[in-house]
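Structure, as structure tokens:
Whatever order the structure lists ligands and atoms in, that order sets their numbers, starting from 1.
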Amino acid sequence: MRGVAVYPGSFDPITKGHTAILHSGLVAFEKIIVAVLNNESKQPLFSVAERMEMIAEAAEEMGVEPGRVEIDSFDGLLVNYARSRGARVILRGLRAVADFEYELQMANMNRHLTPEIETVFIMADDAYFYVASTLVKEVARLGGDVAELVPASVQPRLLAKFDK
Ligand code: PNS
């Protein structure tokens with residue numbers, strides 16, 4: 001267990017799929033910086049501040065040891081952000097086959113840009129293999145129950161967004 005990894009994403013919102021990756025990542029890395037992409041062109045449901053708050057609440061719920069998870073936001077190129085934070089590893093979760101091509105493209109592009117930074121993948125927990133923020137938002141918007149798919153503090157925030 002050594003080194004710092006950056007775990008980047010939209011996290012709009014964080015799901016239990018993400019927290020499972022974070023949990024596994026902490027077995028491999030001393031510290032993980034969860035980095036929320038600040039990209040308004042993606043038209044997120046939650047602001048960056050809200051997304052960071054939900055990640056902090058989820059980390060607390062997980063009982064993460066102090067100092068082992070940091071929550072930050074970034075814009076611009078991920079590799080530049082990782083380098084600025086002294087991280088040599090980008091951590092990503094892999095779910096169903098649909099993720100593979102996109103992740104391979106990103107990993108190769110990031111390696112082309114910055115060969116000294118490696119992307120490390122962790123296989124998603126099979127319980128959350130099909131959990132994606134986009135689907136969780138759709139189900140919550142249509143009145144479905146997402147309680148088992150998101151950290152405890154996320155569900156009320158989703159319901160509030162959709163006036164449920
Ligand atoms: O949770 P997501 O939306 O799948 O995360 C995608 C993310 C944030 C990892 C990706 O969009 C990203 O790294 N964006 C920053 C811009 C960048 O570096 N682009 C080139 C990477 S190929």
Around atom [atom1] of [X], are there more than 12 heavy atoms of other residues, nucleotides or ligands at under 6.0 Å?
X: Phe162; atom1: CZ; value: yes
X: Glu61; atom1: CD; value: yes
X: Glu116; atom1: CD; value: yes

Worksheet item: When you check the gap from the basic side-chain N to the acidic O, do Asp99 and Arg92 get nearer than 4.0 Å?
Response: no
Discussion item. Using a strict threshold of under 4.0 Å (side-chain N to carboxylate O), is an ion pair present between Asp125 and Lys16?
Written reply: no
Distances only, to 0.1 Å: what are the N or O pairs between ligand 1 and the protein that fall under 3.5 Å?
unit_1: ligand 1; atom_1: 1 (O); unit_2: Ser10; atom_2: N; d: 2.9
unit_1: ligand 1; atom_1: 3 (O); unit_2: Ser10; atom_2: OG; d: 2.6
unit_1: ligand 1; atom_1: 3 (O); unit_2: Lys42; atom_2: NZ; d: 2.9
unit_1: ligand 1; atom_1: 4 (O); unit_2: Arg92; atom_2: NH2; d: 3.0
unit_1: ligand 1; atom_1: 5 (O); unit_2: Arg92; atom_2: NH1; d: 3.3
unit_1: ligand 1; atom_1: 18 (O); unit_2: Leu78; atom_2: N; d: 2.8

Practice prompt. Please round to the nearest 0.5 Å and tell me the distance separating atom OG1 of Thr15 and atom NZ of Lys137.
Written response: 11.0 Å
